[in-house]
Undergrad: 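Below are the structure tokens for one structure; questions will follow.
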Amino acid sequence: MTVDREVVAQYEQAPPDEVSRATVIAYAVAATLLFGWFLFGWLVLQQGFVDSVGESAGAGFALLLVVSVIGTVRRSRR
């Protein structure tokens, strides 16, 4: 069985957009702030290791949720 190249090309998706340099810098800053938040809770507030990991992980997941919602809204406007 042969497949027509035009039909296959019609269903191929466009290549994904490249990630901008500003986005990479923003993610690096966010990761640094989350790590700093972990160290602040663990060493300064003396919460305990597990509590500090949980608090910084929760903040990270909340940040990912916000980024996901913003990305969905921006993509739906295109």
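We number each residue from 1, following the sequence as shown.
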Undergrad: When you group the ILVMFWY residues by side-chain heavy-atom contacts below 4.5 Å and let the links chain together, are Leu33 and Ile25 in the same group?
TA: yes
Undergrad: Mark yes or no for whether Ser56, through its side chain, and Ser52, through its backbone, hold a donor-acceptor pair below 3.5 Å.
TA: yes
Undergrad: Please give me the minimum heavy-atom distance between Ala59 and Leu34, naming the atom from each residue.
TA: CB-CD2, 3.8 Å
Undergrad: Which value, rounded to the nearest 0.5 Å, describes the distance between Ile70 atom CD1 and Leu65 atom CG?
TA: 10.0 Å
Undergrad: Among pairs that include at least one residue of residues 49-78, which meet ring-ring contact (aromatic ring centres under 6.0 Å, His included), considering only residues two or more places apart or in two chains?
TA: Phe38-Phe49, Trp42-Phe49
Undergrad: Would you give the length of the straight line joining atom CG of Leu45 to atom CG of Leu39, rounded to the nearest 0.5 angstrom?
TA: 11.5 Å
Undergrad: Hey, any chance Val66 and Tyr27 share a hydrophobic cluster, counting ILVMFWY side chains that come within less than 4.5 Å of each other, even indirectly?
TA: no
